[in-house]
Amino acid sequence: MIKQPKQKYNPKQMEEKIQKFWTDNDIFNKSVEQRKEYPAYVFLEGPPTANGLPHPGHVLTRVMKDFVLRYQTMNGHYIERKAGWDTHGLPVEIEVEKKLGLEDKQSIEKYGVKRFNEECRKSVFKYENAWVEMTHRIGFWLDMNNPYITLKNEYIESVWWSLKKAWEKKLLYRGHKVVPYCPRCGTALSAHEIAQGYKTVEDPSILVKFKIKNEEAYFLAWTTTPWTLISNVALAVHPDEYYVKISYRGEVLILAEQRAAVLMKGEGYDILDRFLGKQLEHKEYEPLFSYAKPEKKAWFVVLADFVTMVDGTGIVHIAPAFGEDDYSIGKTYDLPVVQLVKLDGTFPDEVTLWRGQFVKDADPSIIAYLEERGLISGVRSYQHEYPFCWRCDSPLLYYAMESWFIAMSKVQEALLKNNDMVTWYPEHLKEGRFGDFLRDVKDWALSRDRYWGTPLPIWTCTNSPCNHAICIGSVDELRSLSESFPDEYDLHKPFVDTLKVHCPLCKSLMIREKEVIDCWYDSGAAFFAQWHYPFENHEKLQENFPVDFISEALDQTRGWFYSLLAISTFLFDQPPYKTVLTLGFVLDENNQKMSKSKKNYVDPNIILDHEGADALRWYLMSANAPWMSTRFYEDAVKETLGKFILTLWNSYNFFATYAALDQFNPEKDMILVSERSTLDKWVLSRFHHLVGNVRSFVKQFEIHKAARAIETFIIEDFSNWYLRRSRKRLWVEEKTQDKLSGYSTIYDIFIGLSQLLAPFIPFITEELYQNLKTTDMPESVHLCDYVTVNKGVLDDDLEKAMEYIRDLVEVGRALRSKININVRYPLKEANIICSKETEESIRDLLELLQEELNVKKISFARNTDQFMIKTIKPKYAQLGPRYKEKTKTVIDMIEQSDTQKLYEELTKHEEITIIVNKEKITLNKDDFDVVEHEKEHLVKASVEDSTLFLDTNLTEELEAEGLSREIIRRIQSMRKELDLDVEDRITTELHMGSHEKNMVESWSEHIKEETRSTTLSFVKKPGGKLVKKWDIDDVHVEIGIE
RNA sequence: GGGCCCGUAGCUUAGUUCGGUUGGAGCAACCGGCUGAUAACCGGUAGGUCGGGAGUUCAAAUCUCCUCGGGCCCA
């Protein structure tokens, strides 16, 4: 039986109740298990790191994922929803360093790697509760009891296996990577870290002369880091820009033509020669210093596209050890990596002049030295952004560090081919940001010289002639090569480094490369490592690869989306996923990024407490396309609550209240659709059209459009039109066929809506469903199949007819408003001028129109003739020139006669004759404009190609009815004022003038009925609990009720 | 410095793929109506340099170029 709901919508209370219902009845598990034999829809969870609190952005991601998974489940798919945790990486280490007050790597070593990593392990789950709680509260159904965790031995073993595959394919190699490096902390910084430490500083900017070999001429280069000049090995020019050789103050210099024009502006110089940069390639010059003893050819000109004409001289000094561009051009030209700076940021002993000095401090002295030798042509100070260590504020140095790489450039074609097989939402990412990234793919710098991460499983033999290196791909393999491998172990540092591993060739001791690997590799391995593949679960991988669906925010394009594709490509030569839904960012009210420091951060819990998970979810899904950034603030969610959730709730509340009162029983009282009223058929047709639209929107991940379509249906079609128009028939006391037809339809719609909306707003839909479901229906709305379109109830003609009726109502109301006759007063007649077909199509709906417009009668006609009067109006411009001074008289005569008659005459005889001053004047059609207007008491308005006329003539009877409605309304508002229940009966006493009394008396039965008055009497002095005087226009009425 | 996405009324937005009636809605405002209809409903009014500029075209919110603002990625 349908129960009357508790009146107020209290999201927090209701959602807690629903959560309990789900838990008590194990609904989540059932929803997964009941689909076990169905086709799988494979989802892979992008693992979050639980060492920070969840952010509104994470809420969005989880809401969207949940929607898709619920939707696919209801549509008959089996989906495992394994949670995952990303547990390694520098951010974790930094948190722990902060907590323990450790400032650099030395202090970590001193503290002990074992203890340090233990702290990291703890820290990683510091906010696990907050994450679990958030996930739970927003209703994200995810198997959090059985997650994959990247720090587990099994997970690491799978990762090792994959690294060994890369090793066997000769994709792992050791090289250099230029990274921002803090010489004081002794550590490289991640991009994320340097981003927070940029400052504007002034550095010396100098123009340095490099003498060309065997020629009395110089290249003029530009730098802001004089200390790197000592490690210079080349000069770069742009291949396609023009360079000039000039004579300037007795010296011959080469620099870019554009730059010469800027730098030497106003100074005299002669151009000796002009040529393209590419002509300078391989031209040799003499080094500035003799400290470097490179083992490869150095000190010649190279070509590089990154050379700009914006500043400098168009000639860039190259030191591969200290710049990423420098390093990559160095690889192209096979330049030596000269690195005459120690890790602590000071010059080594061989740089005799500045040994032991911090490089940046040595700048002035280096400049002075070069000036003395006449090799500097200008010193200026230069303002630019320079990165500083966010921790200790030291200037960072770009520094080439040794690192292990995966040669992704070797599999670039496969990457592109695999990307081609992926469906991206939004589409532009495929060829845009992601495709561009792949076309320009760089080798993956895999290793990190840190502590908390998957250890790099590469061991090298210490025996010098042997030097054999191996990559270990499993625990068994490690065990077999190790002395006394323990039963209990943890593959992290320092355990792996304490093992005595013997070389399989010469049996000598091997030692491991000290690094750990990039944590992006960990998460990118999730598609197989979550199953501990290939050590177990072979068939699991078969069934779950490639995954059907992943979804994360836009920042993951070069993060997780890439690392998955990269690993899958070199391992299996296949894409790891079929569909990627990329989500936009969550921004604050002013479109600014949310950050704790800006204090514009919204705590999702507050919104969950106030507005509830459903309102939050609905807002996030309906506000914007998933891939667009969405503003997030409490008022926006509040608006969603008021506009949508409450409309839904109140409609439901209205229905459930009356259905409970009438003991409507959906198992017995349902009326066949074919026997329901036209209005019912209309709303069912609308609903099923909606279902079709929702399905096609969701297919394209246009979740916002699906949500908005539902919202429009509920607010406009269902609540504001269908329910409004149905109230009267549900209000009658008897169980009429019409009333049951209405209940049946509303019931159908609510069951349908609860299913249609279940993936969007899982709580309120469950609440509705639980109250409405019959015993033979699934125990939870989330165990139902998703609604499908019932083509049998689709009726385009009916929808069109209703549209037409609603248009007529609209213009009719507008007309009433224009002529100033309140809707409360009935009008005699409405006439609709339209085609026979149109008339036929709306016949069943006329009652709606009649009530909405409050007219006594609706009639039809095929043309407007009987409602319009045609008259003529003389054309002044035509008559004036012809009749000169007589014109005024002519016009006056015409206008004073019956213009309607004149029109008739003119149509009959083509011309009319009038006599002015005894002179006969003949006028023809061209002398007049035909003017049309409504007959007396009629007003008209047009809808499409038809016309509506309202008869505005208010008869005494009509006025009486109107007045009685005025009185009813006032009594009703007094009832409300007394806070009477709908059922309560009253007695009513009225006082008014005798004329009005006579008018109203004939309606007294009606008034009694409408106001639930047992008696209605006309008295001199009305009494009762509430007595009020009213002025209805100029009628004074006094009403008392009891 | 390079790339990608976004910019439409006070606010939230539709329309932009593929140029074509007068750029549609909702919220807020204002006027009026209706109401045992909910944080309502109905009618009307006002509110737009479609971020700005230029170009292509018979025709540009829509295409091209430049530019400004926001966001992101990379240097």
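Quick note on labels: first sequence line is chain A, next is B, and so on, each numbered from 1. These figures come from a predicted structure and were not determined experimentally.
Between A:L554 and A:L723, it is A:L723 whose nearest contact on RNA chain B lies nearer the 5' terminus. Looking at which nucleotide of RNA chain B each of A:K705 and A:R969 is closest to, the 5′-most match is held by A:K705.
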Please determine whether side chain to side chain donor-acceptor pair (under 3.5 Å) holds for the pair A:N771 and A:Y652, giving the CA-CA distance in whole Å, both sets of side-chain angles, and the decisive distance to 0.1 Å. CA-CA 10 Å; A:N771 192 16; A:Y652 156 73; 2.8 Å; yes
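Protein atom OH of A:Y658 is 12 Å distant from nucleotide atom C1' of B:U38, rounded to whole Å.
Side-chain atoms of A:S719 lie closest to B:U38 of the nucleotides B:G71, B:G36, B:U38. In the set B:C42, B:U12, B:A39, the nucleotide with an atom closest to the side chain of A:E716 is B:C42. Comparing B:A75, B:U13, B:C42 by their closest approach to the side chain of A:R813 singles out B:C42. Taking every side-chain heavy atom of A:R558 into account, B:C73 is the closest of B:C73, B:A39, B:G36. The side chain of A:E810 approaches B:G43 more closely than any other nucleotide in the set B:G43, B:U38, B:C27. Side chain of A:N720, nearest nucleotide from B:C41, B:A75, B:U38: B:C41.
Within 4.0 Å (heavy atoms only), A:R965 reaches sugar-phosphate atoms of the nucleic acid but no base atom. Contact annotation for A:D440: no contact, since no heavy-atom pair falls under 4.0 Å across all strands. Contact annotation for A:A623: backbone-only contact, meaning every heavy-atom pair under 4.0 Å involves sugar-phosphate atoms and none involves a base. Residue A:T712 is classed as having no contact, given no heavy-atom separation below 4.0 Å to the nucleic acid.
The pairing partner recorded for B:C50 is none, the criterion being a Watson-Crick or G-U wobble arrangement whose two distances lie under 3.5 angstrom. B:U22 is unpaired under the criterion used here, namely a Watson-Crick or G-U wobble arrangement in which both key atom distances are under 3.5 Å. Base pairing of B:G1 is made with B:C74, judged by Watson-Crick or G-U wobble geometry with both donor-acceptor distances under 3.5 Å.
The two atoms that bring A:H238 and A:V307 nearest to each other are CD2-O, 3.3 Å, heavy atoms only.
Listed by first and then second residue, the salt bridge (charged side-chain N to carboxylate O under 4.0 Å, His left out) pairs that reach into residues 701-718 of chain A are A:K643-A:E711, A:R686-A:D717, A:E702-A:K705, A:D717-A:R806, sequence neighbours excluded.
At a threshold of 4.0 Å, the pair A:D614-A:R617 does not count as salt-bridged, since none of the basic side-chain nitrogens sits closer than that to a carboxylate oxygen.
One cannot find a donor-acceptor pair under 3.5 Å joining the base of B:U38 and the side-chain atoms of A:S651.
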Assign a letter to each nucleotide of nucleotides 3-9 of chain B from its 5' end: B, base within under 4.0 Å of a protein heavy atom; S, sugar-phosphate only; -, no contact. BBSS---
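A sub-4.0 Å separation between OP1 or OP2 of B:A14 and a side-chain N or O of A:R708 is present.
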